[in-house]
Each structure stands twice: as structure tokens, then as C-alpha cells.
Amino acid sequence: MTRSQLVLDVISKKNTTYLPSQCTFASRAKKMEVAGYLGLTEEEVDVFLGNHIKFTGVLDDIVQIDKLDPHRMKAARDAGRYLDVPGEEGMIYDLWGMQYNVNDGGYFNYCHPLQGCDDDDALIYDYRAPDISDMDMLFSIAEEDLKKYGDDFLVELSGYNGIWEKAYQLTEIEQFMYLLAVEPEKACYLMDVICEYKVEIARETVKRGFPIGHYGDDLGTQISTFVSEEMFVNYFLPRIRKVFRVFKDAGLPVQMHSCGKITPFIPHLIDAGLDVLEPVQTCMDIRYLKNEFGKDLTFYGGVDTQQLLTFDTAENVYHETLRTIDILGKDGGLIIAPSQEVMNNVPVENVLAFMKAVKEARGEA
């Protein structure tokens, strides 16, 4: 059975004994440090990690998920989806009008093209999403990945930088929070522009044969949600539901990324069709999550990257990984992974301790 089918069976609760895993790195340099430590090639370390999922994206999203990949960035640039910022070396802007530094290794936006929209209505009401009439072009890299990896791995088209994130990055977060509170009609107009784009990409994702739907919006901090439950239900949920509905109507499971302590939102997301919560972070009580939502959700993540993997001992990483598997993986429903990408300051020994526990739990040790 392929890794893709194994993961899909875990998500659908057809298989409650298998433990898929995923260990990804914030930079290729960290991955190659692990490879060098083990005396392996890059391909061999991929096998060692036993990953089950490959993420890809439309050309508009390459700068956020693969900007250090020359092949992907060239495809996006050749298609005119990214342009140089005149006079600023290394800076580019996408067709949403946001700017990125191609050399910083992150996905941070340096520009808010709709800043000042509280005083200038035209900035909001004249704004348009990038043209997506040429879906063959937009999906060129994604289809390349699906063809290359899809017979084995679960290939997911990235839905990161969702409706909420895109809106506040376009306007600047404090300004968008002001709009939500004081001028919600403006906030809703902008979110609708983004939502319509996301819905069309979701429809094309289904049409082109991807086996799972993915969406991403960081809705929380480490201590709370960004907005109240009422505001989430009134403004965010109806638009997220529209994206989910495209996948659910096609019979696909839905995976959603959200960092932070979003526990109050989870029942609403389940009602909207959520199947996989990505990631599970230790700012949420993992035992409570399993007891309360385990019958409805598959959990992705769980092993803390902020403290445990970064600053603790390899022995504690090993034991805590096994504890996490025991809690979140009871009766199935777990894709075990770090709670975020493995950052550059995580010791190699701790990565290996995580993998040792995973392999042991999967019966491969």
C-alpha cells in the first residue's frame, strides 16, 4: 500500500493501527546537516525520515513555500507571477502586491499595499485578486509534483496564507483588526475577494486529481485566539466553509493548518468539514483535544518544537515523543510530527531521538 493511501486510511479511520509520520525542516541546510551527521545523501535521509507527505503549490504561492528552490522560482518568474522591486536587490513582489526578500529564507511580507484603506475606500473597493484564467500555468509545478510523487506520497496543494492572513498582510494587522471592529463591510469585501480566489483554486485542485484539500490560516497565539469566537463565527467561518465545501462536495478530506491556541474554534471547524488539524501544539492540552475531538479529527503534529526539540535532551525528546503518540495516537487518528518545521537551532541528536521514537512506535526499530 502506498504512503498516500496509508495516510488517507488513517484520516478516514479505516486504519487505526498505522502511524504515519512527517519531519520537515525550515531550511535545506538543516536537513543536510542531519544527512551529513548520518553519512547519508539527501535522498537517503528522506528515506530515513520516513515521510509520507509532499507539499506543493500554485505558482502564486511558490515564494511562501519554496522560494529557495531555483527551479520553482524560475517557473513563477517566467510566468510573470513575481516581479523585481526596482532598486532593491533581492526584493520581489507578487501579484497581490506584497513584497518578499528572496534571500531571507522566510515567508515574511515586507509591504502592505492596502495600508491606509481606513481613510481611502478606493484602496479596498478597487482591489482585485491576481488573474487566474490560465490554470495550466498556475498548476504547472503542482502537477509536475503530483505526477512525480503521487503514486506513493500524499501530495497536498498548499492552502497556506488563507483568507484572514492574506487580508491582514495586505492591510497591516492592526488596520485589519480596526476594520473588523469598526468598518466590517470593508473587511468583508476584502475577505470575499480573497475567498473567491481560494474557492477557484480549490475547484481546480479537485479537478486536477489531488487527493486531499488543504487550507491554512494562523488563527491563534500561544495563549488565545486572535479574535473572539463571535467574530470568528460571523466573519471568518462562513468564508472558510466555502473553501472546505469544494473539497467535501468532491468527497475529499480537509486538512487545515492553524498555529496557536484555537480550541474554541475547533467545534465550528469540525462542523464546517475539518478532518485533519495541523499542527497540534503544546499550547493546547493534547489530552483534552484527544478526548474531546478525537472521534472527529486526525491530529497532525504534537511534538513541541519551541522548548522540547530545541532546548531539551535527546532522552527527553525520545520519551516525550512516545508519550505524545500514546495520547494522540490511541485508537488511531495521528500523523506524528513536530509541532512546526524543525528550525536551524534544533540539535541533530534531538531530531534522531524523535525519529527513534517514531520508528519504535511504528514497529520499525
Next item on the list: Give the minimum heavy-atom separation between L219 and M256, together with the two atoms involved.
Entry: CD1-CE, 3.6 Å

Item checked: Steps toward side chain to side chain contact (heavy atoms under 4.5 Å, CB included) verdict (Y197, D60) -> CA-CA 11 Å; Y197 174 98; D60 285 348; 2.6 Å; yes

Check: Do any N or O atoms from the side chain of E165 and from the backbone of G216 form a donor-acceptor pair under 3.5 angstrom?
Finding: no

Checklist line | Residue N316 excluded, over 12 heavy atoms near CG under 6.0 Å | finding: yes

Next item on the list: State yes or no: do L277 and L8 share one hydrophobic cluster built from I, L, V, M, F, W and Y residues joined by side-chain heavy-atom distances below 4.5 Å, directly or via other members?
Entry: no

Item checked: Verify same cluster id: V63, L59 (apolar side-chain graph, 4.5 Å) -> yes

Check: Between N109 (side chain) and C111 (backbone), is there a donor-acceptor pair under 3.5 Å?
Finding: yes

Check: Is the shortest distance from a Lys or Arg side-chain nitrogen in D145 or R72 to a carboxylate oxygen in the other one below 4.0 Å?
Finding: yes

Notebook entry, point to check: Should the heavy atoms of other residues, nucleotides or ligands under 6.0 Å from NZ of K261 be counted, would the total exceed 12?
Noted result: no

Notebook entry, point to check: Are K30 and F25 in a cation-pi setup, meaning NZ or CZ lies under 6.0 angstrom from the ring centre and within 45 degrees of the ring axis?
Noted result: no

Checklist line | Non-hydrogen atoms of L309 and F354 that approach each other most closely | finding: CD2-CB, 4.3 Å

Note to self: M1 vs L6, test: side chain to side chain contact (heavy atoms under 4.5 Å, CB included). Steps then yes/no.
What the structure shows: CA-CA 7 Å; M1 187 177 290; L6 285 166; 3.6 Å; yes

Notebook entry, point to check: Is the closest side-chain heavy-atom distance between C283 and I223 below 4.5 Å?
Noted result: no

Notebook entry, point to check: What are the two closest non-hydrogen atoms of L308 and N350, and how far apart are they?
Noted result: O-ND2, 3.9 Å

Item checked: Heavy-atom donor-acceptor pair, R362 side chain to L19 backbone, under 3.5 Å -> yes

Margin query: Would you say that Y300 contacts H257 through its side chain, given a criterion of any heavy-atom pair below 4.5 Å between the two side chains?
Written below: no

Check: Under 3.5 Å, side chain of N101 to main-chain N/O of N103, donor-acceptor pair present?
Finding: yes

Item checked: Close side-chain approach of K54 to K148, heavy-atom, < 4.5 Å -> no

Item checked: Interatomic spacing from CD1 in I163 to CG in L237 - rounded to 0.5 Å -> 10.5 Å

Margin query: Closer than 3.5 angstrom, by distance alone: can the side chain of D94 be matched with the main-chain N or O of W96 as a donor-acceptor pair?
Written below: yes

Notebook entry, point to check: What's the shortest heavy-atom distance between Y149 and V155, and which atoms?
Noted result: CB-CG2, 3.9 Å

Margin query: Are Y160 and F55 an aromatic pair, judged by ring center distance below 6.0 Å?
Written below: yes

Note to self: If you apply the rule side chain to side chain contact (heavy atoms under 4.5 Å, CB included), what do you find for I62 with R81, and how did you get there?
What the structure shows: CA-CA 9 Å; I62 293 301; R81 306 315 281 190; over 6 Å; no

Item checked: Close side-chain approach of L157 to F139, heavy-atom, < 4.5 Å -> yes

Note to self: Before you tell me yes or no, could you show the steps for E278 and Q255 under side chain to side chain donor-acceptor pair (under 3.5 Å), namely the whole-Å CA-CA distance, both residues' side-chain angles and the distance that decides it to 0.1 Å?
What the structure shows: CA-CA 7 Å; E278 170 223 342; Q255 177 175 320; 2.8 Å; yes

Checklist line | Value rounded to 0.5 Å, distance of CG in D304 from OG1 in T321 | finding: 10.0 Å

Check: Is there a side-chain contact between K67 and D104 (heavy atoms, below 4.5 Å)?
Finding: yes

Item checked: D152 (side chain) donor-acceptor with R3 (main chain) under 3.5 angstrom -> yes

Checklist line | More than 12 heavy atoms of other groups within 6.0 Å of E43 CD | finding: no

Notebook entry, point to check: Side chain of H71, backbone of D69: donor and acceptor closer than 3.5 Å?
Noted result: no

Next item on the list: Please answer: with hydrophobic residues joined when any side-chain heavy atoms are less than 4.5 Å apart, are M284 and V303 in the same cluster?
Entry: yes

Note to self: Quick check for you: to the nearest 0.5 Å, what is the distance between E143 atom CD and L138 atom CG?
What the structure shows: 11.0 Å

Checklist line | Any Q222 side-chain heavy atom under 4.5 Å of Q281 side chain | finding: yes

Notebook entry, point to check: Are the side chains of R245 and K248 in touch, meaning some heavy atoms are under 4.5 Å apart?
Noted result: yes

Note to self: L297 and side-chain contact (heavy atoms from CB on, under 4.5 Å): which single residue from L274, L334, V280 fits?
What the structure shows: L274

Margin query: Once rounded to the nearest 0.5 Å, what's the spacing between atom CZ of R241 and atom CG of D271?
Written below: 5.0 Å

Check: Which atoms form the tightest heavy-atom contact between I325 and A357, and what is the distance?
Finding: CD1-O, 4.3 Å

Note to self: Under 4.0 Å between a side-chain nitrogen and a carboxylate oxygen: does that hold for R208 and E204?
What the structure shows: yes

Check: Distance-only, no hydrogens or angles: does the S339 side chain make a donor-acceptor pair with backbone N or O of G301 under 3.5 Å?
Finding: no

Item checked: Heavy-atom check, side chain of T263 versus side chain of E292, under 4.5 Å -> no

Check: Among the clusters formed by ILVMFWY side chains lying less than 4.5 Å apart, do F311 and V317 turn up in the same one?
Finding: no

Next item on the list: Answer yes if M177 and I262 sit in the same cluster of Ile, Leu, Val, Met, Phe, Trp and Tyr residues linked by side chain heavy atoms under 4.5 Å apart, and no otherwise.
Entry: yes

Note to self: If I compare all heavy atoms of P211 with all of P253, which pair ends up nearest, and what's the gap?
What the structure shows: O-CD, 3.6 Å

Check: Is T205 reaching over with its side chain to a backbone N or O of F210, donor-acceptor style, under 3.5 angstrom?
Finding: no

Next item on the list: Could you grab the distance from atom OG1 of T171 to atom NE2 of H112, nearest 0.5 Å is fine?
Entry: 8.0 Å

Next item on the list: Apply side chain to side chain contact (heavy atoms under 4.5 Å, CB included) to the pair K359 and S21, showing each step before the final yes or no.
Entry: CA-CA 9 Å; K359 289 174 181 287; S21 63; over 6 Å; no

Margin query: Salt bridge check, K13 against D331: does any charged N sit closer than 4.0 Å to a carboxylate O?
Written below: no

Item checked: Interatomic distance, E185 atom CD to D192 atom CG [nearest 0.5 angstrom] -> 12.0 Å

Note to self: Between D118 and K186 (salt bridge meaning N to carboxylate O under 4.0 Å), is one present in this structure?
What the structure shows: no

Notebook entry, point to check: K166 side chain to I194 main-chain N or O, any donor-acceptor pair under 3.5 Å?
Noted result: no

Note to self: By the definition ring-ring contact (aromatic ring centres under 6.0 Å, His included), identify the one residue from F226, W164, F232, F293 that meets it with F265.
What the structure shows: F232

